[in-house]
Amino acid sequence: MFIDEAGTEPSAPVTVVVGIIIDADKQLMRAEAAVNEALESVPTDLRKGFVYSAKDVWNNPDYWEKWSRSNRLAFLKSMMSLPRRLKAPITLSIVRRGLIKEPLSEPPMQPHQFEHFMAFATCIARADKHIRDHGQIDEVGTVVAEQASEMTKFLRAGALFHRQFPRVIPPSDLSPTEEETKLGYIKQETELRVSRIRATIHFVEKSDDKLILLADSVAYGFRRFFNRAEFGDQFVRSIIGNDLSEKDWEGSINATTFNWI
């Protein structure tokens with residue numbers, strides 16, 4: 001699984017962590033080829049020294065003169081759509097800033113770091129559930145994540161969190177989605193545990209593994225959606241192929257897996 005995040009700074013209202021689940025035997029080479037093909041859309045004059053970041057592509061004024069806004073928008077939407085087009089499942093976890101009332105005291109973290117930690121741990125638990133449900137009986141997963149400087153030690157602990165502390169979310173802590181309200185019952189996954197994803201995380205720079213770019217793109221798209229920023233709705237439609245109900249994501253911690261198997 002290739003994992004990245006967006007909205008981790010203290011001022012951000014929502015922290016987003018995304019994992020792209022790639023079957024190394026069946027999808028990895030096609031995914032790398034698809035990313036390389038998409039990067040051909042970067043204007044020739046900007047390719048020297050170019051290091052991809054969806055946020056940077058959209059906000060860096062150094063690109064504006066030689067790369068039109070409409071072309072940058074199309075490029076980002078193309079990158080965001082790749083996991084769905086490759087049928088690579090996406091695990092998404094978000095934590096809304098300031099809504100977790102009892103952060104962990106060990107290891108000691110700032111509130112925004114703890115929210116990042118919890119989003120990361122929950123995202124891994126959702127991916128583990130996907131492997132248990134859809135993988136072979138002896139199949140395991142490995143996490144590849146972008147180097148996160150001061151957060152690295154905390155994220156290493158986050159990978160272990162639901163392995164060491166599995167839990168089942170009580171029904172009283174769940175809010176029904178719009179679909180569940182119509183159905184009259186809750187379908188949400190309530191178990192958070194990790195048994196099939198290896199405890200060791202491989203931290204890399206974006207330039208070292210291009211599949212991290214997929215997670216970067218999708219995380220940025222979801223961040224703009226949950227922040228109600230411009231083009232957020234369009235980005236989500238590129239990612240999942242349809243609209244997303246923000247009302248279903250109003251809790252302090254929310255997570256799901258988008259699966260095209």
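Side-chain contact between Phe258 and Val18 is absent, with no heavy-atom pair separated by less than 4.5 Å. The closest side-chain heavy-atom distance from Trp260 to Arg85 is not below 4.5 Å. With a 4.5 Å cut-off on side-chain heavy atoms, Leu214 and Val35 count as touching. Between Ile253 and Met118, the closest side-chain pair of non-hydrogen atoms falls below 4.5 Å. Annotation: side chain of Lys210 is in contact with side chain of Leu39 (closest heavy-atom distance under 4.5 Å). No side-chain heavy atom of Leu211 sits under 4.5 Å from any side-chain heavy atom of Val144. When side chains are defined from C-beta on, Trp58 counts as touching Leu73, because their heavy atoms get closer than 4.5 Å. A 4.5 Å side-chain heavy-atom check between His162 and Thr122 finds at least one atom pair inside the cut-off.
With sequence neighbours excluded, the residues that form a side chain to side chain contact (heavy atoms under 4.5 Å, CB included) with Thr177 are Glu179, Glu180, Gln188, Asp248. Here Arg72 pairs with nothing under the salt bridge (Lys or Arg N to Asp or Glu O under 4.0 Å) rule; sequence neighbours left out. In this structure Thr200 satisfies the side-chain hydrogen bond (donor to acceptor under 3.5 Å, both in side chains) test with no other residue, sequence neighbours excluded.
Across all non-hydrogen atoms, the minimal contact from Arg193 to Pro166 is CB-CB, 3.6 Å. Shown here for Pro83 and Val218, the closest heavy-atom pair between the two residues is CG-CG2, 4.1 Å. Closest of all the heavy-atom pairs between Arg198 and His202 is NH1-NE2, 4.3 Å. Nearest approach of Leu192 to Ala125, heavy atoms of both residues: CD2-CB, 3.9 Å. Minimum interatomic distance between Thr257 and Pro89 (heavy atoms only, all atoms of both residues): CG2-CB, 4.3 Å. The heavy-atom pair separating Asn259 from His134 by the smallest distance is ND2-NE2, 3.3 Å.
In this structure, Tyr63 and Phe50 have tilted ring planes: the angle between them lies in the 30° to 60° band. Taking the six-membered ring where the residue is Trp, Trp67 and Phe75 present tilted rings, their angle falling between 30° and 60°. The aromatic rings of Phe117 and Phe161 lie perpendicular to each other, with more than 60° between the two planes, well past the 30° mark.
Taken to the nearest 0.5 Å, the CG atom of Asn254 stands 7.0 Å off from the CZ atom of Phe226. Note that the CG atom of Asn71 and the NZ atom of Lys66 stand 15.0 Å from one another [nearest 0.5 Å]. From Lys247, atom NZ reaches atom OG1 of Thr181 across 8.0 Å, with rounding to the nearest 0.5 Å. Rounding to the nearest 0.5 angstrom, the gap separating the NZ atom in Lys55 from the CZ atom in Arg224 is 10.5 Å. Residue Arg30 holds its CZ atom at 9.5 Å from CG of Asp23, rounded to the nearest 0.5 Å.
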Side chain to side chain contact (heavy atoms under 4.5 Å, CB included) between Ile3 and Val17, worked out | CA-CA 7 Å; Ile3 196 166; Val17 176; 3.7 Å; yes

Checking side-chain hydrogen bond (donor to acceptor under 3.5 Å, both in side chains) for the pair Tyr52/Ser217: CA distance, chi angles, key distance, verdict?
-> CA-CA 9 Å; Tyr52 178 86; Ser217 304; 2.7 Å; yes

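Put simply, the residue from Leu244, Ile94, Val16 that forms a side-chain contact (heavy atoms from CB on, under 4.5 Å) with Phe225 is Leu244. Just one of Arg223, Glu115, Arg97, Arg96 meets the side chain to side chain donor-acceptor pair (under 3.5 Å) condition when paired with Thr15; it is Arg97.
For Glu146 and Lys206, the salt-bridge test passes: some basic side-chain N is under 4.0 Å from an acidic carboxylate O. The pair Arg69-Glu230 meets the salt-bridge criterion, since a charged nitrogen lies less than 4.0 angstrom from a carboxylate oxygen. With respect to the salt-bridge test (charged N to carboxylate O, under 4.0 angstrom), the residues Asp233 and Arg237 do not qualify. The pair Glu191-Lys129 does not meet the salt-bridge criterion, since no charged nitrogen lies less than 4.0 angstrom from a carboxylate oxygen.
The neighbour count for Gln136 CD, taken as heavy atoms of other residues, nucleotides or ligands under 6.0 Å away, does not exceed 12.
Proximity of a side-chain donor or acceptor of Asp208 to a complementary backbone N or O of Glu205 within less than 3.5 Å is detected.
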